[in-house]
Visitor: 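Before I ask anything, let me first share the structure, which is written out below as structure tokens.
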Amino acid sequence: MSQNTDILESPIEFLKGIGPSRADLLKKELSIFKFRDLLMQFPFRYVDKTQFHKIRDINYQTQQIQLRGILRRLSVAGQGGKRRLVANFRDETGVIELIWFKGVSWLEKNLNIGGEYIVYGKVNNFRGNISIPHPEIEAVTEANTSKANTFAPVYPSTEKLNSKGLDSKGRGKAMAALFEKISPHELPENLPSYIIQKFKFPSHYAALKNIHFPKSQGELDAAKARLTFEELFFLQMRLLQIRRRRKTAIKGHIFEKVGDYFNRFFKEKLPFELTGAQKRVLKEIRYDLKVGVQMNRLLQGDVGSGKTIVGLMSMLLALDNGFQACLMAPTEILAQQHFISISEYLEGLDIEVAFLSGSVKGKKRAALLERLEAGEIDILIGTHALIEDWVVFKNLGLSITDEQHRFGVAQRAKLWRKGIKYPPHILVMTATPIPRTLAMTLYGDLDVSVIDELPPGRKAIETLHKTESNRLRVIGFMKSEIAKGRQIYIVFPLIEESAKLDLQNLETGYELLLRDFPMPDYQISVVHGRMKAKDKDFEMQRFVRGETQIMVATTVIEVGVNVPNASVMIIENTERFGLSQLHQLRGRVGRGAEQSFCILMSSFKLSKEAKERIQTMVRTNNGFEIAEADLKLRGPGSIEGTQQSGILNFRIADLARDGRVLQAAREIAARILDSDPKLEKPEHQALKHYLEAHVKPVKGWSLIS
Ligand code: ADP
Ligand code: MG
């Protein structure tokens with residue numbers, strides 16, 4: 001069927017029962033413009049019309065129920081705002097009260113005492129008094145009790161839609177009208193038959209019909225399974241196509257040699273044995289760098305897993321092949337720390353390392369830029385100043401970005417243009433562990449390496465949960481740690497909605513601390529979100545140099561700072577932090593030889609979710625485990641850096657739940673593209689057509705620019 005006669009492309013106002021004014025509402029409220037849009041918004045739950053509860057069986061655990069029975073008594077009680085309609089509803093096993101606070105007069109007029117009704121709602125159990133407030137109620141008819149209509153779809157709705165008859169029932173009617181107009185050939189197969197057979201999927205048409213009008217739980221489950229697979233599979237097809245296209249289209253420098261710089265560093269300078277994971281990742285990178293295609297690799301590794309050394313050794317490969325390399329960090333402090341530690345590592349190897357940030361100005365900057373363009377600088381380390389147009393390399397071969405989630409896509413893309421013949425190879429390092437399912441989606445078009453092993457001999461950070469009643473002991477503990485020469489972080493939550501509140505929160509915390517904690521012996525640094533970058537840096541530096549013993553801060557210290565002597569992290573109002581944030585914060589300690597501690601302070605009363613977050617932190621130090629828990633608790637939108645990415649707005653799939661489906665979908669998509677890259681085989685025609693017609697090209701995220 002060709003596009004212009006595709007009935008599913010018809011404007012929604014042409015559907016029976018919709019018309020122009022309802023169409024307007026559907027467009028505004030739900031972005032439903034065409035028949036297809038209506039079809040593709042699935043119910044979020046179903047009312048199982050085959051199951052009727054018996055009133056006798058209701059107990060304190062019962063939630064949603066459906067009853068069938070006779071309306072016995074109707075009375076209006078209360079005045080004004082408390083005016084309500086109370087009905088007695090009876091089936092053969094008992095009686096229950098139904099209560100409405102809204103639409104009282106209308107209901108009173110329209111409900112028939114003695115009539116047979118179906119009632120659906122949530123049970124309210126108030127001190128053993130069981131009632132159903134605001135139930136849906138409907139007279140028993142042929143239609144609503146016939147077998148054909150066993151699972152009634154429930155669609156998300158709004159007040160406005162309801163008032164125009166587009167509540168769940170109205171939507172269901174429209175959908176029924178739609179299915180009257182279309183036949184199976186308007187929704188042709190979009191998967192190869194071998195996939196359908198493998199998973200015993202229903203047809204594409206049947207899946208779409210049954211997701212709206214399932215006749216049994218089995219039909220519904222099968223429809224869900226197929227549509228979940230479809231959604232994940234087509235996205236993976238797109239992502240893998242992009243990746244392939246890039247690998248054929250974007251040529252890269254070839255770093256053939258492993259030369260003196262790399263070898264001398266490895267033999268003479270490397271102060272420790274690399275972990276197995278570091279070796280594996282280095283091998284992956286070395287392979288990428290010599291195949292003649294631009295590398296686009298994401299390197300994930302928990303805090304302290306040793307990403308820097310991997311980055312450094314990759315840069316040495318660039319140098320060995322006559323190229324320059326750069327390393328960009330999100331803050332001045334981090335960039336400086338990298339500059340210092342890398343300069344130390346490379347001492348005596350005759351490598352020119354330079355530092356550039358906004359604070360390098362005037363003659364110093366001019367001289368640096370000149371040497372950079374002349375190729376006299378081998379490695380440039382700095383802040384986002386590196387991507388400014390006035391920074392010109394002689395021949396940039398590799399660009400590394402640390403703590404990637406702090407940089408926008410556009411910024412990263414910009415570094416590309418700094419290569420002369422080919423764009424530089426790109427390595428992005430992040431300490432925000434992302435669950436595999438998310439990585440496969442968000443970074444599905446990149447190559448991903450994971451360092452999943454910490455260097456040996458690390459002492460695990462001991463994490464404790466304490467409440468206000470333990471405060472004095474916590475303070476005593478702080479004193480004894482400081483007496484041993486350690487440093488301490490105290491972190492308060494950043495209140496983003498209100499800079500004023502944020503500051504207040506920090507200041508009250510700070511004052512309490514001053515009151516309970518005699519200061520003369522100790523110096524304190526304070527850093528909060530409202531300070532100027534320069535002042536922040538100054539305070540941080542005092543702490544880094546050990547001039548202050550305590551750092552009181554809002555979450556601004558989250559990223560990358562390395563103060564090995566800091567061995568205690570105290571987090572205040574822990575319940576207000578997300579899991580991944582807590583993990584990042586905890587990663588600030590445990591960097592030295594001493595046993596480190598993370599103390600999670602919270603109020604005594606906690607929500608179930610907050611409790612679970614804290615328990616997760618106490619239980620494990622593993623960032624990936626924590627990321628998985630976070631995904632389960634709060635959904636994919638909660639993972640840092642993913643919010644803006646529309647790619648996670650799934651119609652039916654759920655990354656926290658459907659990890660295995662995703663894995664299968666990705667493997668199958670990869671196999672198809674390996675064997676038939678251009679989708680030319682006859683068995684892939686349906687798939688190809690569907691991709692082109694209905695799967696939006698995924699542009700504008702990851703590194704595509
Ligand atoms: P991150 O991955 O958080 O950036 P770093 O690269 O800063 O971690 O490494 C953390 C610390 O671990 C550094 O002090 C580094 O020298 C050390 N380190 C890295 N790799 C190893 C190793 N294989 N064995 C021992 N220590 C290592
Ligand atoms: Mg790091």
Side-chain angles (χ1 to χ4, degrees), residues 262 265-285 297-316 325-347 379 381-383 399-407 427-434 448-461 489 540 544 557-567 569 580-594 596 598 621-624 626-627 640-641:
F262 188 95
F265 177 79
F266 190 73
K267 285 188 200 118
E268 298 166 24
K269 297 285 173 184
L270 190 61
F272 38 67
E273 171 105 8
L274 293 177
T275 63
Q278 283 171 321
K279 283 184 197 158
R280 189 190 66 233
V281 169
L282 259 176
K283 217 182 268 172
E284 287 166 355
I285 292 171
R297 192 168 278 280
L298 177 77
L299 172 54
Q300 281 196 65
D302 217 338
V303 255
S305 61
K307 295 182 291 293
T308 312
I309 212 81
V310 171
L312 172 58
M313 291 175 78
S314 310
M315 293 201 281
L316 295 180
C326 71
L327 170 61
M328 180 164 78
T331 65
E332 176 105 19
I333 290 189
L334 254 182
Q336 261 170 23
Q337 283 192 342
H338 276 316
F339 176 67
I340 292 165
S341 66
I342 286 177
S343 300
E344 277 169 14
Y345 274 134
L346 298 181
E347 231 172 77
I379 293 177
I381 296 173
T383 58
S399 152
I400 301 182
T401 306
D402 196 18
E403 309 292 349
Q404 166 270 338
H405 60 283
R406 285 296 167 105
F407 290 100
L427 180 67
V428 165
M429 309 197 291
T430 170
T432 308
I434 300 167
V448 179
S449 289
V450 180
I451 303 187
D452 49 6
E453 185 185 347
L454 291 183
R458 286 278 161 82
K459 289 201 184 86
I461 300 163
Y489 292 103
M540 295 283 266
V544 171
I557 58 156
E558 216 179 297
V559 159
V561 183
N562 193 21
V563 184
N565 191 47
S567 64
M569 166 66 63
S580 65
Q581 229 180 352
L582 289 172
H583 181 64
Q584 285 284 322
L585 286 170
R586 179 167 59 183
R588 298 304 111 225
V589 297
R591 302 184 150 237
E594 310 305 331
S596 290
C598 174
N621 271 305
N622 181 322
F624 285 93
I626 286 169
E640 204 174 343

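Start at 1 and go down the list; that is how both ligands and their atoms are numbered.
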Visitor: Do Lys269 and Glu344 sit within salt-bridge range, that is, some charged N less than 4.0 Å from a carboxylate O?
Guide: no
Visitor: What is the closest protein heavy atom to atom 20 (N) of ligand 1, and at what distance does it sit?
Guide: Gln278 NE2, 3.0 Å
Visitor: Report, in ascending order of atom number, the atoms of ligand 1 lying under 4.0 Å from any heavy atom of Thr275.
Guide: 23 (N)
Visitor: Got a donor-acceptor contact below 3.5 angstrom from the Glu453 side chain to the Thr275 backbone?
Guide: no
Visitor: Any sub-3.5 Å donor-acceptor pair from Arg280's side-chain atoms to Ser449's backbone N or O?
Guide: no
Visitor: Ignoring hydrogens, just give me the one of Pro456, Gly306, Ser305 whose non-hydrogen atom is nearest atom 9 (O) of ligand 1.
Guide: Gly306
Visitor: I need the atoms of ligand 1 closer than 4.0 Å to a non-hydrogen atom of Asp302, numbered in the order shown.
Guide: 2 (O)
Visitor: Please report which non-hydrogen protein atom sits nearest to atom 12 (O) of ligand 1, along with the residue it belongs to and the distance in Å to one decimal place.
Guide: Arg458 NH2, 2.6 Å
Visitor: Looking at Tyr345, which atoms of ligand 1 are within less than 4.0 Å of one of its heavy atoms?
Guide: 16 (O)
Visitor: Taking it one step at a time, do Ile379 and Leu327 satisfy side-chain contact (heavy atoms from CB on, under 4.5 Å)?
Guide: CA-CA 8 Å; Ile379 293 177; Leu327 170 61; 5.6 Å; no
Visitor: Give the residue and atom name of whichever protein heavy atom lies nearest to atom 2 (O) of ligand 1, and the separation in Å to one decimal.
Guide: Lys307 NZ, 2.7 Å
Visitor: Suppose I only count heavy atoms of Glu273 and a 4.0 Å limit; which atoms of ligand 1 are within that range?
Guide: 22 (C), 23 (N), 24 (N)
Visitor: Is Gly304 in contact with ligand 1, taking contact as a heavy-atom separation below 4.0 Å?
Guide: yes
Visitor: Nearest 0.5 Å, please: how far is CD in Gln581 from CD1 in Ile626?
Guide: 13.0 Å
Visitor: Taking atom 14 (O) of ligand 1 as the reference point, report whether a protein heavy atom occurs under 4.0 Å from it.
Guide: no
Visitor: What is the closest protein heavy atom to atom 21 (C) of ligand 1, and at what distance does it sit?
Guide: Phe272 CE1, 3.2 Å
Visitor: Spell out, as yes or no, whether a donor-acceptor pair under 3.5 Å connects the side chain of Asp302 to the backbone of Leu454.
Guide: no
Visitor: Check the pair Arg588 / Val563 against side-chain contact (heavy atoms from CB on, under 4.5 Å), numbers first and verdict last.
Guide: CA-CA 7 Å; Arg588 298 304 111 225; Val563 184; over 6 Å; no
Visitor: Please check: side-chain N/O of Lys307 versus main-chain N/O of Met429, any donor-acceptor pairing under 3.5 Å?
Guide: no
Visitor: Under a 4.0 Å heavy-atom limit, does Thr308 contact ligand 1 with its side chain, its backbone, both, or neither?
Guide: both
Visitor: List the steps and the verdict of side-chain contact (heavy atoms from CB on, under 4.5 Å) for Leu316 and Phe266.
Guide: CA-CA 10 Å; Leu316 295 180; Phe266 190 73; over 6 Å; no
Visitor: Suppose I only count heavy atoms of Leu274 and a 4.0 Å limit; which atoms of ligand 1 are within that range?
Guide: 23 (N)
